[in-house]
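Because only heavy atoms are used, hydrogens play no part in the values below, and waters and symmetry mates are left out as well, while side chains stay in.
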Amino acid sequence: MEIWKDIKGQEGRYQISSTGRLRRMPRYVKGKNGLLRRLPMQMLELTYDEVKKIKRKLEEGEHVLKIAEEFDISRKVVSKIKSGRSYAWVEC
């Protein structure tokens, strides 16, 4: 059985399971029109360990396309990790 716990510094926003899977908790965010919209709970595509490996490879200067192919994800996801727009709270 998977046990879910809040991630330190991201309490109520993200959780990590005993198997390393990540999920975003449901919450409300302000949209472009100023109205609140609900973001449902979502299982994230990558595990905690995969994100750490990707960040290490980026720090070592490995090309985004090569990393994307290795982890079978889109270049867009790797680029977002590189820029800090996704998984910024995961530390290497």
Side-chain angles (χ1 to χ4, degrees):
M1 183 174 155
E2 257 181 313
I3 299 170
W4 292 90
K5 293 185 179 182
D6 284 334
I7 294 174
K8 186 178 178 183
Q10 296 295 319
E11 292 85 356
R13 295 186 70 181
Y14 294 95
Q15 289 186 332
I16 187 167
S17 77
S18 53
T19 62
R21 295 190 319 151
L22 300 167
R23 70 180 178 187
R24 181 187 71 202
M25 299 306 293
R27 66 178 192 265
Y28 288 91
V29 295
K30 189 178 282 192
K32 291 180 183 179
N33 59 4
L35 299 175
L36 290 179
R37 65 184 183 102
R38 185 176 186 276
L39 293 177
M41 183 185 300
Q42 179 184 19
M43 297 301 295
L44 301 182
E45 185 175 3
L46 299 168
T47 66
Y48 188 78
D49 290 335
E50 287 173 331
V51 175
K52 287 174 67 173
K53 287 177 188 174
I54 290 170
K55 285 190 170 197
R56 270 191 240 113
K57 287 180 179 285
L58 288 168
E59 286 175 359
E60 294 168 0
E62 200 164 317
H63 196 273
V64 171
L65 181 58
K66 186 176 177 186
I67 295 170
E69 288 174 351
E70 181 181 337
F71 288 89
D72 195 30
I73 56 176
S74 70
R75 290 187 324 243
K76 186 176 182 178
V77 172
V78 179
S79 294
K80 284 183 176 183
I81 293 170
K82 184 178 182 179
S83 69
R85 290 183 292 154
S86 291
Y87 301 98
W89 40 269
V90 176
E91 296 181 21
C92 291

Test item: Leu46 and Leu22 side chains (from C-beta on) under 4.5 Å apart, heavy atoms: no
Thr19 versus Ser17, closest heavy-atom pair with distance: OG1-OG, 2.8 Å
Donor-acceptor contact below 3.5 Å, side chain Lys57 vs main chain Ile67: no
Quick check: does any side chain N or O of Glu11 sit under 3.5 Å from a backbone N or O of Gly9, one acting as donor and the other as acceptor? yes
Residues Gly12 and Met25: closest non-hydrogen pair is O-CB, 3.5 Å
Hey, is CZ on Arg37 packed in by over 12 heavy atoms from elsewhere, all under 6.0 Å? no
How close do Tyr87 and Ile81 get, counting heavy atoms only, and between which atoms? CD1-CG1, 3.7 Å
Heavy atoms of Glu50 and Thr47 approach each other most closely as OE1-N, 2.9 Å
If every non-hydrogen atom of Lys55 is compared with every non-hydrogen atom of Val90, which pair is closest and at what distance? NZ-O, 2.7 Å
Taking atom CZ as the centre, does Arg75 end up with more than 12 heavy-atom neighbours from other residues, nucleotides or ligands that are less than 6.0 angstrom away? no
Is it true that, when you exclude Glu2 itself, more than 12 heavy atoms of the residues, nucleotides or ligands shown sit nearer than 6.0 Å to its CD? yes
Donor-acceptor pair, distance only, cut-off 3.5 Å: does the side chain of Ser18 make one with the backbone of Ile3? yes
Going only through I, L, V, M, F, W and Y residues with side-chain contacts under 4.5 Å, is there a path from Trp89 to Ile54? yes
I'd like to know if the side chain of Arg13 reaches the main chain of Asp6, judged simply by a donor and an acceptor atom lying under 3.5 Å from each other, with no hydrogens or angles considered. no
For Glu45 and Val77, the nearest pair of non-hydrogen atoms, with its separation, is OE1-CG2, 3.7 Å
Side-chain contact, heavy-atom cut-off 4.5 Å: Val51 with Leu44? no
Once you round to the nearest 0.5 Å, how far does CD1 of Ile16 lie from CZ of Arg21? 11.5 Å
